[in-house]
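What follows is one structure encoded as structure tokens, with my remarks underneath.
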Amino acid sequence: MLDNIPTRNLALELVRVTEAAALAAGRFMGRGEKEAADHAAVEAMRLVLKSVEMDGVIVIGEGEKDNAPMLYNGEHVGNGSPPELDVAVDPIDGTRPLAFGRANSIAVVALAPRGAMFNPGPFVYMNKIAVGPEAKGRINIEKSITENLKAIAKAKGKAVEDLTTIILDRDRHKEMIAEIRKAGARIRQIPDGDVAAALMTAMPDTGVDVLFGVGGTPEGVITACALRAMGGEIQGKLYARDEHELRNGREAGFDFEKILTMDDLVSSEDVFFAATGITDGELMQGVRYYGDGATTDSLVVRGLTGTVRQMTAHHRIDKLHLLSAIKY
């Protein structure tokens with residue numbers, strides 16, 4: 001009977017980490033202070049991560065791409081006790097939306113067994129396609145956008161014209177956007193935050209069917225952890241911004257033609273993921289402050305069981321300040 005005892009769900013501990021980051025960063029909504037918000041989220045996340053019962057090493061850190069405060073790659077987190085885990089963090093996915101009071105800024109953390117997460121090294125961008133459970137197994141990043149849209153539409157029992165795509169609003173996506181329009185699908189262009197955007201494909205109430213485009217490689221690994229548990233799929237290819245980066249990457253042994261599948265991005269089903277809304281979005285509400293308290297809205301996912309929890313928490317800020325050095 002002992003073999004049937006459930007293992008510990010670390011995602012329920014991780015949500016404390018993302019809640020802390022969201023509470024600390026949420027005060028900066030609309031204030032135009034990206035670095036101050038990021039610093040607050042990082043320090044809150046770091047403090048609570050220390051209390052999690054694990055021997056964690058950050059594989060996917062935050063800050064190098066944007067020269068922001070870091071939870072750096074190789075940093076040890078947790079209290080040092082087993083299990084040994086890879087850790088991926090993004091204290092604020094969507095710093096600009098937060099700074100300007102826009103939607104879908106979230107705090108995220110993911111865990112996987114040691115050695116399971118893809119380490120992209122210095123190559124911070126990848127081309128991605130992500131879908132929810134209904135279209136899993138039907139996508140191929142090497143095929144055209146039109147071919148993928150037709151395959152997704154068939155899998156979901158829709159016409160291509162009924163599909164809603166989501167893509168970052170970037171100049172590099174002009175050709176992709178033109179092809180999506182020619183194929184007849186609808187488009188949502190977003191300023192930032194492609195973790196939240198990819199997760200929308202796996203949540204039926206958001207109305208989003210597929211994510212396309214070049215975004216962060218670290219965010220792609222984090223997304224893979226969540227979609228693996230939620231039954232969706234992401235594929236990617238490393239993206240070089242110029243010939244110099246391409247040449248250096250090839251010399252370092254990186255293959256820019258290789259399709260990065262779910263198994264490449266995170267090679268274990270035993271993953272944990274937590275996200276907390278900082279600003280309002282389709283996935284979660286943002287932080288609500290009131291008097292001496294605040295409310296947070298979180299998404300908590302466990303890979304082994306495929307359980308997806310949506311959690312609302314009410315926090316007493318005055319009590320938190322008695323226990324924590326972090327200003328919420």
Side-chain angles (χ1 to χ4, degrees), residues 8-26 37-64 68-79 83-95 98 104-114 116-119 193-196 198-199 216-230 265-266 268 270-278 283-284 287 296-304 307-311 313 326:
R8 187 158 48 99
N9 186 354
L10 283 168
L12 295 176
E13 297 181 46
L14 283 189
V15 73
R16 294 172 44 243
V17 177
T18 56
E19 285 172 348
L23 286 168
D38 211 23
H39 179 75
V42 166
E43 292 307 307
M45 186 169 276
R46 176 180 279 122
L47 181 69
V48 182
L49 273 171
K50 289 179 181 178
S51 71
V52 178
E53 197 170 319
M54 65 176 179
D55 179 4
V57 175
I58 293 180
V59 174
I60 301 296
E62 184 273 348
E64 294 177 352
M70 287 189 194
L71 274 158
Y72 60 86
N73 292 351
E75 181 173 349
H76 287 260
V77 292
N79 67 3
E84 295 184 345
L85 298 168
D86 287 345
V87 183
V89 300
D90 198 347
I92 305 175
D93 177 50
T95 52
L98 173 60
N104 290 321
S105 177
I106 63 175
V108 295
V109 177
L111 303 178
R114 184 70 52 82
M117 285 187 188
F118 175 70
N119 187 342
D194 65 350
V195 174
L199 297 188
T217 309
E219 290 85 349
V221 176
I222 292 171
T223 299
C225 292
L227 287 182
R228 182 157 202 138
M230 297 168 78
L265 294 169
V266 58
S268 173
D270 193 12
V271 294
F272 303 93
F273 172 88
T276 300
I278 306 175
L283 285 174
M284 295 163 286
V287 181
T296 55
D297 190 18
S298 300
L299 185 71
V300 184
V301 181
R302 186 183 187 191
L304 283 181
T307 303
V308 179
R309 290 179 170 90
Q310 292 183 282
M311 300 174 60
I326 298 299

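What you see is a predicted model; the values in this text were computed from it and never measured.
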Return the set of residues passing salt bridge (charged side-chain N to carboxylate O under 4.0 Å, His left out) with Asp297 (not counting sequence neighbours), or none when no residue passes. none

Where do [X] and [Y] come nearest, in terms of heavy atoms and distance?
X: Ala22; Y: Gly277; answer: CB-O, 3.8 Å
X: Ala275; Y: Ile106; answer: CB-CD1, 4.4 Å
X: Ala41; Y: Ala24; answer: N-CB, 4.5 Å
X: Ala224; Y: Leu265; answer: CB-CB, 3.7 Å
X: Ile92; Y: Ala25; answer: CD1-CB, 3.9 Å
X: Leu227; Y: Ala198; answer: CD2-O, 4.1 Å

Picking from Arg46, His39, Met45, what satisfies side-chain contact (heavy atoms from CB on, under 4.5 Å) with Val42?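 Option passing the side-chain contact (heavy atoms from CB on, under 4.5 Å) with Val42: Arg46.
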
Please lay out, stage by stage, how Val266 and Phe273 fare under the test side chain to side chain contact (heavy atoms under 4.5 Å, CB included). CA-CA 12 Å; Val266 58; Phe273 172 88; over 6 Å; no

Which distance, rounded to the nearest 0.5 Å, do you find between the [atom1] of [X] and the [atom2] of [Y]?
X: Leu199; Y: Leu299; atom1: CG; atom2: CG; value: 6.5 Å
X: Asp86; Y: Asn119; atom1: CG; atom2: CG; value: 8.5 Å
X: Leu85; Y: Leu111; atom1: CG; atom2: CG; value: 5.5 Å
X: Arg302; Y: Asn9; atom1: CZ; atom2: CG; value: 4.5 Å
X: Asp93; Y: Ile222; atom1: CG; atom2: CD1; value: 7.5 Å

Sequence neighbours left out, cut at 3.5 Å: what donor-acceptor pairs do the side chains of residues 48-60 make with other protein atoms?
from	atom 1	to	atom 2	distance (Å)
Ser51	OG	Arg16	NH2	3.1
Ser51	OG	Val48	O	2.7

Partner residues of Thr276 under the side-chain hydrogen bond (donor to acceptor under 3.5 Å, both in side chains) criterion, sequence neighbours left out: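 Result, side-chain hydrogen bond (donor to acceptor under 3.5 Å, both in side chains) vs Thr276: Thr18, Ser298.
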
Under 3.5 Å donor-acceptor, [X] side chain and [Y] backbone:
X: Asn104; Y: Ala196; result: no
X: Arg228; Y: Val271; result: no
X: Asn73; Y: Gly61; result: yes

Hey, are the side chains of [X] and [Y] touching, using non-hydrogen atoms and a 4.5 Å cut-off?
X: Phe272; Y: Leu12; answer: no
X: Glu219; Y: Val108; answer: no
X: Val287; Y: Leu23; answer: yes

